[in-house]
Colleague: 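What follows is a single structure, and I will ask about it in a moment.
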There are 2 protein chains.
Amino acid sequence: MKKTSPAVSCSNCSVRRLCLPVGLSDGDIERLEQVTRKKKVVRAGETLFRAGDPFDSLYAIRSGSFKSAVIGADGDTQVTHFALPGELLGLDAYSGGMHPGYAEALEESSVCVLPFTQLEGLAQQVPALQKQIYSIFSEELKQENEALLLLGKRSADSRLAALLVNISSRYSRRGYSASDFVLSMQRIDIANYLGLTAETVSRLLSRFQKQELIRVQGRSVTILDPIALSELAGTHCSYES
Amino acid sequence: MKKTSPAVSCSNCSVRRLCLPVGLSDGDIERLEQVTRKKKVVRAGETLFRAGDPFDSLYAIRSGSFKSAVIGADGDTQVTHFALPGELLGLDAYSGGMHPGYAEALEESSVCVLPFTQLEGLAQQVPALQKQIYSIFSEELKQENEALLLLGKRSADSRLAALLVNISSRYSRRGYSASDFVLSMQRIDIANYLGLTAETVSRLLSRFQKQELIRVQGRSVTILDPIALSELAGTHCSYES
DNA sequence: TTCAAACAATGACATGGATCAAACACGCGT
DNA sequence: ACGCGTGTTTGATCCATGTCATTGTTTGAA
């Protein structure tokens with residue numbers, strides 16, 4: 001079995017139903033593959049890009065996971081997003097010509113590199129791809145609005161419950177178990193993302209376990225009572241990202 | 001040359017340097033004007049669109065101001081944005097085909113109605129417009145990231161200071177005074193936006209006044225010490241102890 | 001395997017901002 | 001101009017969550 005530099009093929013990609021190819025014909029997917037030839041592997045803790053790096057590409061996650069964060073003027077950071085396979089990183093860099101924040105791999109991860117000028121050119125010719133790009137931008141905005149809702153109004157336990165429900169449903173959509181998964185990020189990243197402290201997150205996870213909502217074992221989580229958890233989160237129907 | 005129902009002309013619009021026409025040639029602006037023919041006036045307290053309304057148009061603010069808000073599953077709302085002239089409303093509706101939140105005029109306001117399918121079609125032919133649309137999407141994402149930073153990490157006074165500085169600079173960019181302006185929204189909207197209560201906002205405004213950072217008279221604000229205010233907001237470069 | 005360093009859990013205590021309550025001001029319709 | 005309702009200010013109190021401190025647990029390198 002020979003191992004060339006691994007060929008990227010959207011048609012065979014396990015996340016194609018969640019990624020740019022959505023809604024594209026086979027022919028158009030072939031043209032998209034011309035743009036997505038380059039693939040990159042990032043190891044845990046390494047960054048895909050840093051704040052200030054020039055913008056030239058978007059990155060589509062094939063496997064693994066990332067955290068994105070922005071850095072404030074006074075140096076403190078805010079985790080803005082946990083990204084799973086099928087999601088696009090770097091969209092917020094277009095307008096300024098450079099990345100306003102960084103993306104760090106939470107585990108060994110693999111991404112498709114999408115040179116934006118090429119993608120742009122192709123989108124100009126393929127309306128379905130154009131629509132898909134708009135859709136992803138818009139979806140991202142909607143998600144951030146929901147994140148704002150979370151940070152603005154909800155109590156600590158509600159926030160953490162919402163994150164667990166959200167991650168659970170995102171894994172579920174990708175064909176993994178909705179009830180058993182690994183939180184690949186540290187407690188402190190979760191805390192930062194939710195606007196809390198690591199101690200509070202830790203305490204709440206313990207409490208949720210005592211209340212038999214979940215079972216926690218290090219970074220492995222089992223959802224025991226998804227209904228109660230959703231109610232706590234304030235999102236009665238488990239919505240998807 | 002008779003004045004019918006007020007003609008919309010991007011070339012003459014006072015906010016054209018901040019709006020979609022940025023970077024477009026005169027010829028392209030003419031084509032854009034074909035799309036922006038419709039204008040709409042919204043009175044204070046009226047909504048431009050509500051959560052759940054079908055998405056068909058974007059709205060470009062010509063004058064006035066709006067608040068956008070999303071409504072959580074349990075009914076409580078989060079103000080996500082205060083929008084000023086030159087800004088686009090409705091971008092987050094594309095992916096779902098409907099508006100996830102509502103936009104309410106804070107004062108008598110006027111907007112251009114941009115039917116999205118037409119805009120999309122034109123963008124397909126005019127790369128500069130395409131770029132401008134991407135840019136606006138991306139800019140919006142970047143701003144929301146900054147909002148997340150604000151809500152996630154900062155203390156109440158820092159948040160309020162940041163809002164004041166932000167609004168001041170946005171007015172300034174539009175050619176108005178950076179130091180004297182009117183907060184067209186209620187205290188409770190500010191509070192909601194910042195993840196605080198109206199009481200806290202009120203107290204802080206009083207305190208800022210006592211500290212001679214600002215002068216408040218109802219909804220009119222005068223910035224007395226922009227430097228100190230920026231420092232409070234954490235938007236200057238300083239290292240924390 | 002052992003050790004050191006990073007990560008996580010838990011406890012004790014402090015506090016910023018929420019909540020409740022009351023007085024005050026302003027705008028609007030009559 | 002009057003009165004009423006909505007919005008705003010201010011005060012008193014309380015609690016959720018942050019902070020600081022300690023101990024326990026996992027990870028990974030030698």
Side-chain angles (χ1 to χ4, degrees), chain A residues 43-46 67 76 78-79 104-108 150-164 182-211 213-221 232 234, chain B residues 43-46 67 76-79 104 106-108 150-164 182-211 213-221 232 234 240-241:
Chain A
R43 274 168 304 169
E46 287 182 349
K67 69 171 174 185
D76 62 17
Q78 169 71 35
V79 174
E104 181 188 317
L106 295 168
E107 58 197 301
E108 170 117 354
L150 206 68
L151 282 182
K153 308 278 288 184
R154 314 318 212 78
S155 61
D157 52 5
S158 175
R159 293 183 203 185
L160 183 57
L163 179 65
L164 292 172
V182 171
L183 290 171
S184 54
M185 69 295 291
Q186 303 178 187
R187 299 287 188 267
I188 198 172
D189 291 326
I190 297 177
N192 186 308
Y193 175 69
L194 297 175
L196 303 169
T197 58
E199 292 93 326
T200 300
V201 169
S202 190
R203 272 187 255 273
L204 286 174
L205 286 173
S206 302
R207 208 190 78 197
F208 286 178
Q209 180 157 239
K210 223 169 284 167
Q211 295 172 324
L213 299 175
I214 61 174
R215 228 175 62 86
V216 202
Q217 182 83 269
R219 296 194 179 173
S220 310
V221 173
L232 231 187
Chain B
R43 275 170 301 170
E46 287 181 351
K67 69 170 175 186
D76 62 16
T77 71
Q78 169 73 32
V79 174
E104 181 187 318
L106 296 168
E107 58 196 304
E108 170 117 354
L150 206 68
L151 282 182
K153 307 278 286 183
R154 314 318 213 81
S155 61
D157 52 4
S158 175
R159 293 182 204 186
L160 184 57
L163 179 65
L164 291 172
V182 170
L183 291 172
S184 53
M185 68 296 290
Q186 302 180 183
R187 299 287 190 267
I188 199 173
D189 292 326
I190 297 177
N192 185 308
Y193 175 68
L194 296 175
L196 304 170
T197 59
E199 291 94 324
T200 300
V201 169
S202 187
R203 271 186 254 274
L204 287 174
L205 286 173
S206 302
R207 205 190 80 197
F208 286 179
Q209 180 157 240
K210 221 170 286 166
Q211 296 172 324
L213 300 174
I214 61 173
R215 227 177 63 85
V216 202
Q217 183 83 269
R219 295 194 179 173
S220 310
V221 173
L232 233 188
E240 306 202 72
S241 45

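In what follows, chains carry the letters A, B, and so on, assigned in the order in which the sequence lines appear, proteins first and then strands, with residues in each chain numbered from 1. Below, all heavy atoms of this structure are taken into account, side chains as well, without hydrogens, waters or symmetry copies.
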Colleague: Name the one of L194(A), L106(A), L183(A) that satisfies side chain to side chain contact (heavy atoms under 4.5 Å, CB included) with D189(A)?
Modeller: L106(A)
Colleague: So which one's nearest nucleotide on DNA chain D is more toward 5', G218(A) or G195(A)?
Modeller: G195(A)
Colleague: In whole angstrom, give the distance that lies between atom CG of L106(A) and atom C1' of dC7(C).
Modeller: 15 Å
Colleague: Is it true that D76(A) and K153(B) have a side-chain N and a carboxylate O under 4.0 angstrom from each other?
Modeller: no
Colleague: Indicate, with a heavy-atom threshold strictly under 4.0 Å, whether R219(A) touches base, sugar-phosphate, or nothing.
Modeller: sugar-phosphate
Colleague: Can you see if the side chain of T200(B) gets near the phosphate of dG17(C) - specifically, an N or O under 4.0 Å from OP1 or OP2?
Modeller: no
Colleague: Categorize L205(B) for me: base, sugar-phosphate, or nothing, with a 4.0 angstrom heavy-atom threshold over every strand shown.
Modeller: nothing
Colleague: Which whole-number value in Å describes the distance from K210(B) NZ to dT10(D) P?
Modeller: 7 Å
Colleague: Return the value, rounded to whole Å, for the distance between atom CG of L151(A) and atom P of dT17(D).
Modeller: 13 Å
Colleague: Q78(A) and N192(A): side-chain contact (heavy atoms from CB on, under 4.5 Å), yes or no, with the steps?
Modeller: CA-CA 6 Å; Q78(A) 169 71 35; N192(A) 186 308; 3.7 Å; yes
Colleague: Using whole Å, report how far NZ of K153(A) lies from C1' of dG17(C).
Modeller: 14 Å
Colleague: When the distance from CG of D157(B) to P of dT15(C) is rounded to whole Å, what number comes out?
Modeller: 16 Å
Colleague: Expressed in angstrom and rounded to an integer, what is the separation of I188(A) atom CD1 from dA8(C) atom P?
Modeller: 9 Å
Colleague: Tell me what S206(A) touches on the nucleic acid: a base, only sugar-phosphate, or nothing, going by heavy atoms under 4.0 Å.
Modeller: sugar-phosphate
Colleague: In this structure, how many angstroms lie between the P atom of dG17(C) and the CD1 atom of I190(B), rounded?
Modeller: 16 Å
Colleague: Which of these nucleotides, dA8(C), dA21(C), dT8(D), is closest to any side-chain atom of Q186(B)?
Modeller: dT8(D)
Colleague: When you measure from the side-chain N and O atoms of T197(A) to the phosphate of dT17(D), is any distance below 4.0 Å, counting only OP1 and OP2?
Modeller: no
Colleague: I'd like to know if R203(B) reaches the base of dG16(C) with its side chain, counting only an N/O donor and acceptor under 3.5 Å.
Modeller: no
Colleague: May I ask you to say what G45(A) touches in the nucleic acid, namely base, sugar-phosphate or nothing, with a heavy-atom cut-off under 4.0 Å?
Modeller: nothing
Colleague: Nearest whole Å is fine: how far is dC7(C) C1' from N192(A) CG?
Modeller: 16 Å
